[in-house]
Amino acid sequence: MTLSEKDSLWVSETLDKIQKKMKVVTERSRDKVPYTTVDGVFDDRSGKDQIAWWTNGFWGGIMWQLYTLTGDELYRQTARNLEEKLDAVLMSAPGLDHDNGFKWLPTAVADYRVTGDTDSYNRGILAANNLAGRFNLAGRFIRAWNDWGEDDHRGWAIIDCMMNLPLLYWASEVTGDPRFSQIAQAHADTAARNFVRGDGSCNHIVEFDPFSGEMVRTYGGQGCEVGSSWTRGQSWGLYGFVLSYLHTKEKKYLDTSRRIAHYFMANIPESGLIPVDFRQPLDCEWEDSTAAAIASCGLIELSKATEGRDSKVYLDAALKMLKALEQRRCNWSEDADQIVEKCTAAYHDAEHEFSIIYGDYYFIEALMKLSGKELFIW
Ligand code: GLY
């Protein structure tokens, strides 16, 4: 992956803007666990009822990336503070699910990678063991969610889980025990077969019979409808499969990521701004900036894993989306806590186009990747 002089300058100028804004934002938000903003002010999900929310690791991830960039102790301390708050989740079975990767890779595992802290190591290993325990042997998939009320989720797997597998790869790497990686690869193989369609688009949710392991049906999930193409799901698949390739060196995962990437790139609008679902009705203009930021991270990794024209095509697509975000969807005012705007959690939710913490996280991660300074989180 080679950046032009002009693009390198854009990357360093954008990182300067991030650094300048985030210093001020972090000073006033250090005890929070943010998910979104209300009138430009971070909310706080650190309370007992919300501490298990799946996005609660991303503020930690932002802190570790900024610590890596600047060496400023403010970020390390704020990250450690959040990591300790998440201990309440490790002690609560209902709060643990396949999102253990999203919660503890950007927090405890990042901390361990940077500092070698033994408490952080323990947290990461506990979270990985719990994740491995969600493996369904008959269907060879990792169960996504716990049951909500009457809903039976025993056979449910979701494309997002591809991003949680790196917790298992990490556990195998540090313990020398292959079981974790074997489970991750079994899930990735099942996902490649059952989630990724012929045209490279992905299902969000696949239900398996939890006893026989047979595939039962798919659901539209957070996208528009069954058979549609929820853009964040496409980006979880794109990025998640290239991560499985980076951890295992199995070319089949690289090929799967590339298939999803080719579908994704063919659907990027002229504006570079990404809709909530590539198959949403033509008169619906709802966007999801998180999909753009996450897919950009995956495309940058594909660019690094390939050569020549292919590498350039992936890099150009990432730059197109990131520049569109930087110029049209980022809020650079120090009075507002959020950076990336117009993010959407789910197509059928009542609210659309607000700020979401992982939009900021993946935007920053993408810029860090482009600068060559990234702390590798996944
Ligand atoms: N992993 C849940 C989401 O992407 O909304």
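All ligand and atom numbering here is 1-based and tracks the order in the structure. What you see below is based on every heavy atom in this structure, not just the backbone, and it leaves out hydrogens, waters and symmetry mates.
Of the heavy atoms in Trp230, only side-chain atoms (C-beta onward) come closer than 4.0 Å to ligand 1.
Judged by a 6.0 Å distance limit and a 45° cone about the ring axis, Lys103 is not positioned over the six-membered ring of Trp54.
Residues Asp277 and Arg279 are not paired through a salt bridge, judged by the lack of any N-O separation under 4.0 Å between the basic side chain and the carboxylate.
Of the polar atoms of Trp236, at least one N or O is found under 3.5 Å from an N or O of ligand 1, judged by distance alone.
Between the choices Asn164, Ile356, Asp160, the shortest heavy-atom distance to atom 2 (C) of ligand 1 belongs to Asp160.
Atom numbering of ligand 1 starts at 1 in the shown order; those under 4.0 Å from a heavy atom of Gln222 are 3 (C), 5 (O).
Taking the six-membered ring for Trp and thresholds of 30 and 60 degrees, Trp145 and Trp148 have ring planes inclined between 30 and 60 degrees apart.
The nearest heavy-atom contact from the protein to atom 5 (O) of ligand 1 is Arg232 NH2, 2.6 Å.
With Ser29 contributing its side chain and Lys32 its backbone, the two residues share no donor-acceptor pair below 3.5 Å.
Other residues, nucleotides and ligands contribute at most 12 non-hydrogen atoms within 6.0 Å of the NZ atom of Lys251.
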